[in-house]
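Here's the structure, in structure tokens; my notes come after.
Just so it is clear, the structure is predicted and the values come from calculations on it, not from any experiment. Below, chains carry the letters A, B, ... as their sequence lines are ordered, and counting in each starts from 1.
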Protein chains: 2
Amino acid sequence: MSYFANKMSPAEFDAKIHWFVGRCREAGLRVTPQRLAIYKELLGTDEHPSAEMLYEKLKPAWPTLSLDTVNRTVLTLTEIGAAFIVEGSGGARRFDAGLEHHQHFKCVKCERIIDFHHEPFDNIELPPDVAGKFTVLRKTVYLEGICDLCKQGMKVVQRS
Amino acid sequence: MSYFANKMSPAEFDAKIHWFVGRCREAGLRVTPQRLAIYKELLGTDEHPSAEMLYEKLKPAWPTLSLDTVNRTVLTLTEIGAAFIVEGSGGARRFDAGLEHHQHFKCVKCERIIDFHHEPFDNIELPPDVAGKFTVLRKTVYLEGICDLCKQGMKVVQRS
DNA sequence: CTCCTATATAGTAGCTACTCCTATCTGTCA
DNA sequence: TGACAGATAGGAGTAGCTACTATATAGGAG
């Protein structure tokens, strides 16, 4: 088995949508077509899009959608735990649908964010001092460097 | 010994400055007064300032300094390894002078970034798949949550 | 099914955090 | 100590949000 994360089955996808609808109701949020479309788009991609990227992807099917709605919606998604902001150092915020345990590698050249999964990183132990003093909501291992494609000198254009 | 990082002695500070001057020369960069002042300021603080914060701190002593210079300079510092961009999820870029091994905890409420140090996090093992495919320049453990002060309902104003 | 209302959206304006540009200045080397 | 590549100040420009307001609609009550 590879360390790299793999795609979801259609059944898993549907289960996620169902969960999302329930989660919205639970949080007192309406399940609007825009909200659902944005969540689906995020769920169906592994490129950890920015709000802008999601907007561009959705615009053909949703010509009246506004970028502001995408921005508001992804922030709402993070608030109800249906998405996460990918950790990074600078540039536009990038999101993922917060699926199974996985970690992120970000290429500093092409800005690609690549999922991988390494079991030992799933449950790293916090030092007792920190665990006692703070409420830790999220703990992640984050890697930065040059990806395979950029190492070969290939041009990967991800951002317009 | 505490898990939380502690301050530098004056001798260590001077040694760092000396190293910095050498590092600039090595990289073919001039040691301008502004550059040195910005590096000193970054070295002397543990609040992981943004460019804006550094600018505000330096303005009294350097009234003609421009924000653009601070921005350019901190980026230059990261390029020569004299500073690092603190990993985070959104908001302004925050910097540290990249001292000894340590990790970051960021409070999602007050935006404070707190250093801590946990030996096992210093040299986490990369999965072979990742190490083989990518050039990993930086690997960090990043924690997010609510800090002790915010838990007590105290208002910590860090950003204007 | 229909109405009602709190919530969401589209469009626009405004703001923050850079990033680029150009004229001027200055460390550094010869 | 002069020359100049490289750096800075100041301002203009741009990306990426964030706030505002009028309109529209999801979803519960009747």
Side-chain angles (χ1 to χ4, degrees), chain A residues 17 20-39 41 48-59 61-80 82-83 85-86 88-95 111 158-160, chain B residues 17 20-39 41 48-59 61-80 82-83 85-86 88-95 111 158-160:
Chain A
I17 300 293
F20 174 69
V21 172
R23 186 75 194 82
C24 282
R25 296 258 153 79
E26 201 175 271
L29 297 172
R30 292 186 184 163
V31 184
T32 62
Q34 292 92 332
R35 212 165 255 174
L36 203 57
I38 290 166
Y39 182 68
E41 183 58 41
H48 307 82
S50 63
E52 177 75 32
M53 290 167 176
L54 285 168
Y55 176 63
E56 291 301 330
K57 279 273 187 75
L58 289 165
K59 213 159 59 173
W62 299 84
T64 68
L65 187 70
S66 80
L67 178 55
D68 178 53
T69 297
V70 179
N71 263 304
R72 262 182 305 96
T73 301
V74 285
L75 283 184
T76 305
L77 297 189
T78 65
E79 275 160 23
I80 63 168
I85 302 175
V86 179
S89 43
R93 270 196 282 249
R94 304 275 290 264
F95 299 88
E111 304 261 84
Q158 164 113 355
R159 319 181 66 191
S160 64
Chain B
I17 300 293
F20 174 68
V21 172
R23 186 73 194 83
C24 282
R25 295 259 153 74
E26 202 175 270
L29 297 172
R30 291 185 184 164
V31 184
T32 63
Q34 293 91 332
R35 212 166 256 176
L36 203 56
I38 290 166
Y39 181 68
E41 183 59 40
H48 308 83
S50 62
E52 176 75 31
M53 289 167 177
L54 285 167
Y55 176 64
E56 292 301 330
K57 279 274 186 76
L58 290 165
K59 213 160 58 174
W62 299 84
T64 68
L65 186 70
S66 79
L67 178 56
D68 180 51
T69 297
V70 179
N71 262 304
R72 261 183 304 95
T73 302
V74 285
L75 283 184
T76 306
L77 297 189
T78 65
E79 274 160 24
I80 64 169
I85 303 176
V86 179
S89 42
R93 271 195 282 247
R94 305 276 289 266
F95 299 88
E111 305 260 85
Q158 166 112 352
R159 318 180 68 192
S160 64

**Item:** Presence of donor-acceptor pair under 3.5 Å, side chain of A:D68 and base of D:dC17
**Value:**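 Side chain to base: no pair present.
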**No-H, no-angle donor-acceptor pair, B:R30 side chain to C:dT26 base, under 3.5 Å** =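 Such a pair is found, so the answer is yes.
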For [X], which contact category applies under a 4.0 Å heavy-atom criterion: base, sugar-phosphate, or nothing?
X     : answer
A:I38 : nothing
B:L75 : sugar-phosphate
B:P63 : nothing

**Asked** Who passes side chain to side chain contact (heavy atoms under 4.5 Å, CB included) against A:V74, sequence neighbours left out?
**Response**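 Scan of A:V74 (side chain to side chain contact (heavy atoms under 4.5 Å, CB included), adjacent residues dropped) gives A:I38, A:L54, A:F95.
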Would you tell me if any nitrogen or oxygen in the side chain of [X] comes within less than 4.0 Å of OP1 or OP2 on [N]?
X     : N      : result
A:Q34 : C:dA10 : yes
B:T32 : D:dT8  : yes
B:R25 : C:dT28 : yes
A:T64 : C:dA10 : yes
A:R72 : C:dA8  : no

**Message:** Using the side-chain heavy atoms of A:R93, tell me which of these nucleotides is nearest: D:dC17, D:dA26, D:dG10.
**Reply:**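 Of all the options, the side chain of A:R93 is nearest to D:dC17.
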**Request:** By nearest nucleotide on DNA chain D, pick out whichever of A:V31 and A:L67 is the more 5' one.
**Result:**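 That would be A:L67.
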**5′-ward residue of the pair A:N71/B:T69 relative to DNA chain D** =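 It is B:T69 whose nearest nucleotide is closer to the 5' end.
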**Residue closer to the 5' end of DNA chain C, B:A51 versus B:L29 (nearest nucleotide)** =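 Its nearest nucleotide being more 5', the pick is B:A51.
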